[in-house]
Amino acid sequence: MQYLVSSAQMKAYDQAAIENTGIPALVLMERAACATAEEIIRRFPPEGRGREADKSRVLILAGCGNNGGDGFAIGRILAEHGYPVSFVLAGERESCSRETMAQIHILEHLGETVEAAVPEGRFSVIVDALFGIGLSRNVTGRYEEIISYINASAACVVAVDIPSGIHADTGAVMGTAVRADLTVTYGYAKPGLILYPGGEYAGEVVCRKIGISCPAGQKPLAFVYDRTDLARLPVRKNDGNKGSFGRVLVIAGNERMCGACQFAALGAYRIGAGLVRVLTVKENRNVLMQTVPEAIVDTYDSEVAEACLKETLDWADCVVAGPGIGTDERACRIMKYIWSHCRVPLVVDADGLNILASCPDWLKRDRDSQRETGGERGAEVYFTPHLGEFSRLAKKSIKCCKEDIISAAASYAREQGVILVCKDARTVVADPAGELYLNTSGDNGMATGGSGDVLAGILAGLLAQGMQGLEAAALAVYLHGLAGNRASSIKSTYAVKAGDLLEALPQVLTEGGNKGWT
């Protein structure tokens with residue numbers, strides 16, 4: 001697990017390191033510079049430089065803030081290692097921070113020249129130290145011209161902390177932005193390095209520790225999982241049986257959407273659920289008996305008897321409701337019953353969410369009931385919308401939701417008392433308590449019909465085995481993305497289908513090395 005912090009948090013942590021811990025700002029700057037110089041030297045070792053001097057030159061493009069001071073210190077360290085380095089200050093000296101002016105004076109005492117214009121010739125490395133994480137307005141004027149120069153260059157571009165022009169919290173391009181090959185960030189990664197389009201501009205991201213940590217009593221904005229977190233998978237007891245590993249009920253699929261219940265059921269089975277039961281229209285029975293013969297299949301016709309719904313809900317340890325059921329009157333009756341009577345963890349997806357979006361009074365009554373009783377709904381509720389569905393739930397435009405997906409997801413989860421899995425290129429998971437997860441696995445090969453149904457099934461399978469809350473949702477999303485990565489590596493991102501995710505998931509689980517899994 002790794003943590004992400006907002007720009008405001010990072011500034012506060014930096015200040016705490018200076019004022020409370022007693023690490024001088026210039027020491028932090030030197031540590032940041034050393035970390036970045038090490039990454040550059042590792043990739044461009046001095047002995048590996050070409051004979052032509054202009055092919056081995058390093059250009060430092062620095063702004064007036066402390067990001068610029070980092071850049072000047074990086075260039076000085078590289079010069080000490082024998083690299084020819086050119087230094088350029090993009091702004092006015094009078095506007096420089098105290099620490100950046102100190103770095104300029106050090107360079108001048110060493111006989112280096114800090115220029116105002118980019119020198120002629122080619123460079124093998126350009127260090128972007130124009131703006132840091134505090135940028136809050138669009139880039140214009142001279143800085144816009146310099147960024148255009150950087151992006152037109154054939155040099156390897158290394159960004160200091162964040163590519164200049166990228167908003168640290170949202171990943172938005174502030175008018176224009178540097179396209180980096182490598183970004184070295186300090187202390188903690190920032191959301192703008194992961195969220196798109198910032199994640200695309202950042203290139204390879206390396207996070208280096210320089211002595212800044214989260215002060216006691218505070219918590220970072222969000223977290224991300226890495227492969228070490230596969231150890232969170234539920235342990236498979238040696239004396240377990242199919243009842244030990246949970247019972248998942250999938251209520252999904254209409255006459256045109258048989259695949260929805262198939263993919264959700266298989267997702268639950270592939271992640272380890274002991275039993276899966278599907279409640280769907282009668283037209284889907286034969287297909288399901290062939291494609292998911294392990295599942296128990298119950299069907300209904302034009303009407304669904306409440307007794308059937310009650311019996312299946314009572315049987316389940318976890319319920320997936322909504323994929324492919326449609327939004328007609330019959331589907332609405334089904335969802336209304338589930339919403340009123342389900343007392344086990346409930347995963348609402350696809351059409352189930354669209355129905356809820358059209359019936360906001362259901363959500364309101366649920367919240368009011370909780371307030372009156374001082375209790376909870378009875379079990380956790382998980383919403384798994386893509387941006388279109390989330391837009392309908394939140395009553396906001398897709399553009400508005402996407403521009404600041406973290407804040408939008410956090411607000412909705414808190415207001416509605418649900419665990420929200422807001423699916424996008426970078427999926428955000430939020431819970432009512434304010435915990436946030438940002439997913440980094442997956443790729444565009446997963447942008448295909450049925451992919452979300454697989455995720456709903458994976459999440460339900462983990463819940464049925466006893467996982468809870470944000471941890472279950474985050475792990476489901478992470479595993480789903482890893483399966484997508486694996487499928488794309490075999491099929492290419494053009495050719496991945498939802499079924500390929502199901503085929504790739506067992507390989508991902510095997511690679512995880514969880515001792516509880518055999």
Side-chain angles (χ1 to χ4, degrees), residues 225 227 230 233-234 236 242 245-253 257-280 284 286-297 318-324 347 349-350 382 384 386 421 423 427 439 441-465 467 472-512 514 517-518:
Y225 277 165
R227 286 185 177 270
L230 295 181
L233 283 161
R236 302 285 287 186
K242 61 188 177 185
F245 302 125
R247 295 173 294 187
V248 174
L249 172 63
V250 176
I251 303 176
M257 300 287 283
C258 180
C261 42
Q262 175 187 335
F263 290 135
L266 287 171
Y269 265 133
R270 284 294 194 194
I271 200 63
L275 287 167
V276 178
R277 187 171 182 175
V278 179
L279 178 60
T280 187
N284 293 338
N286 289 340
V287 174
L288 287 172
M289 297 300 287
Q290 295 176 44
T291 57
V292 198
E294 302 88 350
I296 303 165
V297 180
C318 177
V319 176
V320 177
V347 179
D349 186 41
Y382 298 77
T384 56
H386 56 57
V421 178
K423 298 180 292 193
T427 293
N439 193 55
S441 65
D443 55 48
N444 58 27
M446 302 171 69
T448 184
S451 179
D453 305 326
V454 173
L455 173 60
I458 292 173
L459 173 54
L462 292 176
L463 294 171
Q465 293 173 81
M467 290 195 75
L475 187 60
V477 171
Y478 183 61
L479 288 167
H480 183 245
L482 289 182
N485 293 143
R486 163 67 74 162
S488 292
S489 71
I490 298 170
K491 305 276 188 177
S492 93
T493 57
Y494 292 94
V496 171
K497 298 186 297 182
D500 298 324
L501 305 181
L502 294 164
E503 294 302 316
L505 184 58
Q507 300 169 57
V508 170
L509 296 173
T510 301
E511 292 169 358
N514 186 296
W517 287 72
T518 57

Within the structure provided, determine whether [X] and [Y] are in side-chain contact (heavy-atom separation under 4.5 Å).
{"X": "Arg236", "Y": "Gln465", "value": "yes"}
{"X": "Val276", "Y": "Val292", "value": "no"}
{"X": "Leu233", "Y": "Leu509", "value": "yes"}
{"X": "Val248", "Y": "Arg277", "value": "no"}

Between [X] and [Y], which heavy-atom pair has the shortest distance, and what is it?
{"X": "Gly274", "Y": "Tyr269", "answer": "O-CE2, 3.7 Å"}
{"X": "Val287", "Y": "Cys258", "answer": "CG1-SG, 3.6 Å"}
{"X": "Thr280", "Y": "Ala252", "answer": "OG1-O, 2.8 Å"}
{"X": "Gly324", "Y": "Ala350", "answer": "N-CB, 4.4 Å"}
{"X": "Arg270", "Y": "Leu502", "answer": "NE-O, 3.4 Å"}
{"X": "Leu501", "Y": "Gly484", "answer": "CD2-CA, 3.4 Å"}

Non-neighbouring partners of Lys242 that pass side chain to side chain contact (heavy atoms under 4.5 Å, CB included), sequence neighbours left out: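 Lys242 satisfies side chain to side chain contact (heavy atoms under 4.5 Å, CB included) with Leu275 only.
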My understanding is that only residues two or more places apart in sequence, or in another chain, count here; which of them pass side chain to side chain contact (heavy atoms under 4.5 Å, CB included) with Ala264?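 Counting only residues at least two positions away or on another chain, Ala264 forms a side chain to side chain contact (heavy atoms under 4.5 Å, CB included) with Val250.
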According to side chain to side chain donor-acceptor pair (under 3.5 Å), who are the partners of Ser441, at least two apart in sequence or on a separate chain?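 Side chain to side chain donor-acceptor pair (under 3.5 Å) list for Ser441, sorted by chain: Asn439.
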Kindly compute the distance separating CD1 (Ile296) from CG (Leu288), expressed to the nearest 0.5 Å.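 Nearest 0.5 Å value for the CD1-CG distance: 12.5 Å.
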Distance-only, no hydrogens or angles: does the Lys423 side chain make a donor-acceptor pair with backbone N or O of Thr384 under 3.5 Å?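 At least one qualifying donor-acceptor pair exists.
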Under 3.5 Å donor-acceptor pairs involving side-chain atoms of residues 443-464, not counting sequence neighbours:
unit_1	atom_1	unit_2	atom_2	d
Asp443	OD1	Gly445	N	2.9
Asp443	OD1	Ser488	OG	2.9
Asp443	OD2	Asn485	ND2	3.1
Asp443	OD2	Ser488	OG	3.1
Ser451	OG	Met446	O	3.3
Ser451	OG	His480	NE2	3.3

Would Arg227 and Leu482 count as a side chain to side chain contact (heavy atoms under 4.5 Å, CB included) here? Give the steps. CA-CA 9 Å; Arg227 286 185 177 270; Leu482 289 182; 3.7 Å; yes
Which residue pairs pass the side-chain hydrogen bond (donor to acceptor under 3.5 Å, both in side chains) test when at least one of the two sits in residues 287-296, sequence neighbours left out?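 Non-adjacent pairs meeting side-chain hydrogen bond (donor to acceptor under 3.5 Å, both in side chains): zero.
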Tell me, please, which residues at least two apart from Tyr478 pass ring pair (Phe, Tyr, Trp, His ring centres under 6.0 Å).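 For Tyr478, no residue satisfies ring pair (Phe, Tyr, Trp, His ring centres under 6.0 Å) once neighbours in sequence are set aside.
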For Val319 and Ile251: C-alpha separation, side-chain torsions, deciding distance, then whether side chain to side chain contact (heavy atoms under 4.5 Å, CB included) applies. CA-CA 7 Å; Val319 176; Ile251 303 176; 4.3 Å; yes
